[in-house]
Protein chains: 2
Amino acid sequence: MSPARGIADSAALRASNVARALSEIRRRGEAARVDLVETLDLSPATVSGIISDLLEADLIIEAPSAVAAGRGRPRIQLSLNPRARIVAGAKLSDDGVTVAILDFCGEVLSTGEVATDQATIDAPMLLTKIDIALKRALQGAKLKDRDLAAFGLGVPGFVDVESGLCHWSPLLSGAPIDLRALLSKRLSCPIFVDNDANLATMAELWFGHGRDERDFLVVTVEHGVGLGIVLDTQLFRGARGLGAEFGHTKVQIDGALCRCGQRGCLEAYVSDYALAREAGLAVKGATGPEDILDKLAEQAKAGDDVSASIYRRAGRMLGLGLANLLNIFDPPLIILAGERMQNHDLLATEIQRTLAANTLAVDRPSARVSVHRWGDQLWARGAGALALDGLMSRAPIAQAEVA
Amino acid sequence: MSPARGIADSAALRASNVARALSEIRRRGEAARVDLVETLDLSPATVSGIISDLLEADLIIEAPSAVAAGRGRPRIQLSLNPRARIVAGAKLSDDGVTVAILDFCGEVLSTGEVATDQATIDAPMLLTKIDIALKRALQGAKLKDRDLAAFGLGVPGFVDVESGLCHWSPLLSGAPIDLRALLSKRLSCPIFVDNDANLATMAELWFGHGRDERDFLVVTVEHGVGLGIVLDTQLFRGARGLGAEFGHTKVQIDGALCRCGQRGCLEAYVSDYALAREAGLAVKGATGPEDILDKLAEQAKAGDDVSASIYRRAGRMLGLGLANLLNIFDPPLIILAGERMQNHDLLATEIQRTLAANTLAVDRPSARVSVHRWGDQLWARGAGALALDGLMSRAPIAQAEVA
DNA sequence: AAAAATAGTTCTGTGACTGAACTATATTAG
DNA sequence: CTAATATAGTTCAGTCACAGAACTATTTTT
């Protein structure tokens, strides 16, 4: 039985259908009205009206007529108006802060970066860093603060999306920090804050491998291990609004010590620092923490068995964690994302082997595993997608009239 | 951004609101129109119309006026009409088949059971057993086949809810079996089939500890270990319509051998057969498989350390599995259900300890863990709830007119 | 007995959707 | 070259769900 939720009045009905139309145009890149009639299961009359509203609000534009295939009146292709909204997305990583400016289509107009020289920074420092990176990005696109319709920020750790509060982050001191309040001092546009794994997931959903899937999982492997969950084309954030904490899934009881203080966390086997910890025994004469990982990968690829065994174990643990996810969510697709995924070939075999050995086969295809290498700029783009999503998920046209 | 889903036309809008009203009345047991106005966020006028339709369809009844508290016109309490629909629910366990007959309020009118003498049965045998148990149950309630508005069946294993197909079950030979087609030979009413953990979950949602929660998890511990997930008051069945497979979550890499053929499954540590396997070393002079578990529990309670250690390990593994679930779903409530939960005090300490040690504390209350002892008849009631839910989740009034 | 409070109904207006008829614009057949 | 056909999109009238406001109903309080 359906529960106490759903759309109550007809205004909400229209808003929902407008959002569905806009979302479908975004997903396809281009769509004619007939396409929407079919996909959204609405009558031509209704679609006509919705599109008319969207055109009036300048959120979409009619293409100057593409190709005319077949006979009959040629379809008029509709696409998002790139200039309809400009948003900024920021990602906090242990390198520093990266900001990307996105147009309404999600294209990156410019980026700006600033490095951090400390392991953790406090709230005022974060604001300063974001300010600098944002200024650089805005300059690159020749834009001003007030051109921004929304701002999205992703940080690792526990973030409450509703309140914009960061409960804990490995990169921030002085938590809990009200990130939304903090940014509101600097910007007057709506602020959206989320866990960084959700950024990657949003980007995969909007621009990446998840574009054509209703359900998939994104596992990010970097300094930590994150998980994003898409169910029925919607980002799922856990029952209480907090992001999924996959890095601290236990893959070994009383296992390796994790930076969270517990033992046996997945992160304690597959993250950068976990690899570096073991690499000390395999790599000689490294000049720094970055270098040791590069050398480790190099040696493993060259056939050094000790080095390779470090990757093998990481792959096995990651595979085990993924197998558990598959057993619960049963998604058709899992995306592995992250900068470290450049060495995924070192992990891949073991991941696949462990997955196969630990998931139950039924008479249907098992999940595809796809790998996506990610840099900071893609994370920032995901933060921008978050901002666009936050902006558009309510009442897109009403917002247009305000603007 | 909202995706390509939602309510399209206004007929669906009404259907949705009717279902919401009905669901709310069921949840509360009794509700006045004003209550629905507040809870469903609809106008008095709309609620008036919806209730009028439901009364006309005989799905609900007006109470003969309860107490008149305070001044003003006394509210007219509405409740479900118990006689509006009669459904049957069946549960296949390794003991046999249990059937329960439920009225529209979910009250059990009668039950019927039949034992099986083999470990696995095939499709014709299943149908025979269900037939016998159903006949007994119907006799008890003085009802006929054609009084049934729907039939729900729960089996352990992999079940595709949409198609009614059982891909695999530990209790059925000859899989895949089209259970819906099988039962359609015997009954002309709609048939709903699901994984048995989902039955328990549906029952907790409708009648049990989950009644007042929007989000919770149900972990069933019996001969296998099952998981049911409720998100936003809806049973979640995995991306591809299959139940969550928690029993084969891996809690130990290359761990104990499971009956699924893999190693380290949670089930291989906490299910009946796993306990019995280890109990062989601790218990002397047991007369049979049931007896060995009873003796094991007895000895453990009496302070025998070897016996207690078996429970300790089971509790630790279950705690680890639960910790991983908490990290992903972050629910406010976890319900442990099952017949074996009679010995939960033997597991409880270790579960709590492991949970505490393996979940990350943030500045908010952690999940409550509640324990619910379940017998076969409660499972069957869950199957009935499944049937009621399936029947009502679409267009309750339209169905009334057909009937 | 009148006033106040609360519950529920009826009526009217707004708006969202659909179906059907219509217009627009292309290709193809003769 | 014209008519037929096919496809895309618009307009208009009708239906239906909802909300707001005025109404009725029923109780307690003053």
Side-chain angles (χ1 to χ4, degrees), chain A residues 2 6-21 25 28 30-56 60-78 395-398 401, chain B residues 2 6-21 25 28 30-56 60-79 395-398:
Chain A
S2 257
I7 291 174
D9 61 356
S10 55
L13 184 57
R14 177 57 160 233
S16 154
N17 281 332
V18 167
R20 290 205 300 153
I25 294 171
R28 293 181 181 236
E30 261 192 357
R33 289 168 179 81
V34 260
D35 296 325
L36 301 179
V37 167
E38 276 205 25
T39 311
L40 306 182
D41 200 31
L42 295 169
S43 71
T46 302
V47 169
S48 199
I50 288 172
I51 293 304
S52 159
D53 288 358
L54 284 172
L55 283 169
E56 191 148 351
I60 60 174
I61 49 178
E62 292 188 328
S65 163
V67 280
R71 62 177 167 174
R73 176 175 173 175
R75 37 184 67 188
I76 305 166
Q77 294 293 337
L78 303 164
I397 290 195
E401 279 159 13
Chain B
S2 256
I7 291 173
D9 61 357
S10 56
L13 184 58
R14 178 59 160 231
S16 155
N17 281 332
V18 167
R20 291 204 301 152
I25 294 171
R28 292 179 181 237
E30 261 192 357
R33 290 170 180 79
V34 259
D35 296 325
L36 300 179
V37 167
E38 275 206 25
T39 311
L40 305 182
D41 199 33
L42 295 169
S43 71
T46 302
V47 169
S48 197
I50 288 172
I51 294 304
S52 160
D53 288 357
L54 284 172
L55 282 170
E56 190 147 354
I60 59 174
I61 48 178
E62 291 188 330
S65 165
V67 281
R71 64 174 165 176
R73 175 177 175 172
R75 37 183 69 188
I76 306 167
Q77 294 293 337
L78 304 164
S79 58
I397 291 197

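Every chain is numbered from 1, with letters handed out A, B, ... down the list of sequences. As a basis for the values below, the full set of heavy atoms in this structure was taken, side chains included, without hydrogen atoms, waters or symmetry mates.
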Taking the side chain as every heavy atom from C-beta outward, state whether B:Leu42 and B:Val37 have any atom pair closer than 4.5 Å. no
Less than 4.0 angstrom between a side-chain N/O of A:Asn17 and OP1 or OP2 of C:dA16, yes or no? no
Salt bridge or not between B:Arg33 and B:Glu62? Use side-chain N to carboxylate O under 4.0 Å. yes
For B:Val34, is there any backbone N or O sitting under 3.5 Å from a side-chain donor or acceptor partner on B:Arg75? no
Nearest-Å distance for atom pair CZ/C1', residues A:Arg14 and D:dA17: 15 Å
In whole angstrom, what separates A:Leu36's CG from D:dT10's P? 12 Å
With B for base contact, S for sugar-phosphate-only contact and - for none (protein heavy atoms under 4.0 Å), nucleotides 4-14 of chain C reads BBBBSBB----
Tell me: CG of B:Leu13 to C1' of C:dA16, nearest whole Å? 9 Å
Closest non-hydrogen atom pair between A:Ala31 and A:Leu36, with its separation: CB-CD2, 4.4 Å
Calculate the interatomic distance between B:Leu40 atom CG and D:dC18 atom P; express it in whole Å. 11 Å
Between CG of A:Leu78 and C1' of D:dA8 the distance, given in whole Å, is 12 Å
Looking at residues at least two apart in the chain, or sitting in another chain, which of them share a side chain to side chain donor-acceptor pair (under 3.5 Å) with B:Arg28? B:Glu24, B:Thr39
Under 3.5 Å, which donor-acceptor pairs do the side chains of residues 43-53 of chain A form with other protein atoms, sequence neighbours left out?
unit_1	atom_1	unit_2	atom_2	d
A:Ser43	OG	A:Thr46	N	3.2
A:Ser43	OG	A:Thr46	OG1	3.0
A:Asp53	OD2	A:Arg14	NH2	3.2

